[in-house]
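Notes for the one structure printed next.
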Amino acid sequence: TPRPPQGPPQGCFACIAKPPALRQASPVLSPSSAVYLMESKSCKGDSLRPVVPCKHSVEKKTMTNPTTVIEIYPDTTEVNDYYLWSIFNFVYLNFCCLGFIALAYSLKVRDKKLLNDLNGAVEDAKTARLFNITSSALATFCIILIFIFLRYPLTDY
């Protein structure tokens with residue numbers, strides 16, 4: 001009569017975790033073939049069950065150069081929306097409505113960050129920054145010109 005196996009079952013977690021009904025039944029062996037298939041003496045228990053290699057360990061051995069791909073998504077807080085700069089340009093330096101356009105793009109950046117559209121948010125952030133720089137530069141240039149003409153009126157030339 002065969003004895004039940006002693007010790008933990010051999011194989012990977014995927015094979016051990018299967019319910020007993022789904023495991024393959026081991027064939028009934030004659031005593032002469034059972035001696036041939038006995039486990040090595042280094043094992044604590046002996047069994048009449050043949051040692052069947054786990055199919056998952058066979059797959060692992062046959063793989064060559066396994067690679068792991070880890071996708072890292074950028075954090076949505078890294079995309080700057082230039083919101084405060086756009087509000088400042090809209091209120092104080094709204095040269096040819098460029099501050100308003102910058103504010104519109106800044107709001108689009110916030111919406112796209114909420115929708116996790118990071119590529120679109122980055123593109124709109126670049127556009128908002130461009131309009132903010134342009135609005136700030138042109139408005140500052142105009143303010144400097146006004147101060148120059150107020151200090152030195154054209155009648156002096």
Side-chain angles (χ1 to χ4, degrees), residues 4-27 39-40 42-45 47 49-157:
Q6 296 175 355
Q10 301 295 324
C12 68
F13 180 75
C15 294
I16 296 170
K18 289 182 185 175
L22 295 179
R23 290 189 198 145
Q24 292 179 348
S26 58
E39 293 177 314
S40 66
S42 64
C43 292
K44 290 183 179 178
S47 135
R49 188 170 53 135
V51 179
V52 178
C54 173
K55 68 176 183 175
H56 298 97
S57 63
V58 172
E59 291 173 2
K60 288 178 187 174
K61 289 178 184 174
T62 58
M63 280 198 291
T64 58
N65 296 332
T67 58
T68 302
V69 177
I70 300 173
E71 295 183 18
I72 300 173
Y73 295 104
D75 192 15
T76 57
T77 58
E78 292 178 7
V79 180
N80 196 354
D81 56 5
Y82 304 106
Y83 186 67
L84 293 176
W85 190 12
S86 298
I87 288 178
F88 179 78
N89 281 339
F90 176 64
V91 173
Y92 295 109
L93 307 174
N94 197 9
F95 183 82
C96 294
C97 294
L98 291 177
F100 176 73
I101 296 170
L103 181 64
Y105 274 103
S106 295
L107 293 174
K108 284 176 67 175
V109 170
R110 286 193 168 194
D111 291 341
K112 288 185 179 184
K113 280 179 14 179
L114 287 175
L115 296 174
N116 286 330
D117 180 16
L118 297 180
N119 292 332
V122 168
E123 293 299 319
D124 287 342
K126 288 178 183 178
T127 307
R129 184 180 65 196
L130 176 73
F131 278 113
N132 278 323
I133 290 171
T134 306
S135 175
S136 297
L138 290 176
T140 304
F141 180 70
C142 287
I143 290 171
I144 290 173
L145 281 180
I146 289 172
F147 281 129
I148 290 174
F149 283 119
L150 287 176
R151 177 76 171 114
Y152 306 105
L154 288 177
T155 56
D156 292 343
Y157 294 112

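Heavy-atom basis, side chains included; hydrogens, waters and symmetry copies ignored.
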Sequence neighbours excluded, which residues qualify as side chain to side chain contact (heavy atoms under 4.5 Å, CB included) partners of Ile143?
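Result, side chain to side chain contact (heavy atoms under 4.5 Å, CB included) vs Ile143: Leu93, Phe147.
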CG/Asn94 to CZ/Phe88 distance, rounded to the nearest 0.5 angstrom?
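So the CG of Asn94 and the CZ of Phe88 are separated by 11.5 Å.
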How many angstroms lie between OG1 in Thr134 and CZ in Arg129, if you round to the nearest 0.5 Å?
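That separation rounds to 11.0 Å.
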Using only atom types and a distance under 3.5 Å, with no angle test, would you say the side chain of Lys108 pairs donor to acceptor with the backbone of Asp124?
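No, because the side chain of Lys108 does not come within donor-acceptor range (under 3.5 Å) of the backbone of Asp124.
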Counting distance only, does the side-chain N/O of Ser135 pair as donor-acceptor with the main-chain N or O of Phe131 below 3.5 Å?
no
Identify the two heavy atoms, one from [X] and one from [Y], that lie closest to each other, and give their separation to 0.1 Å.
X      : Y      : value
Ser136 : Thr140 : O-OG1, 2.5 Å
Asn89  : Asn132 : ND2-OD1, 2.9 Å
Ala121 : Lys113 : CB-CG, 4.1 Å

For a quick test of your reading: what N or O donor-acceptor pairs under 3.5 Å do the side chains of residues 100-107 make, sequence neighbours left out?
unit_1	atom_1	unit_2	atom_2	d
Ser106	OG	Asp81	O	2.9
Ser106	OG	Tyr82	O	3.3
Ser106	OG	Ser86	OG	2.7
Ser106	OG	Ala102	O	3.0

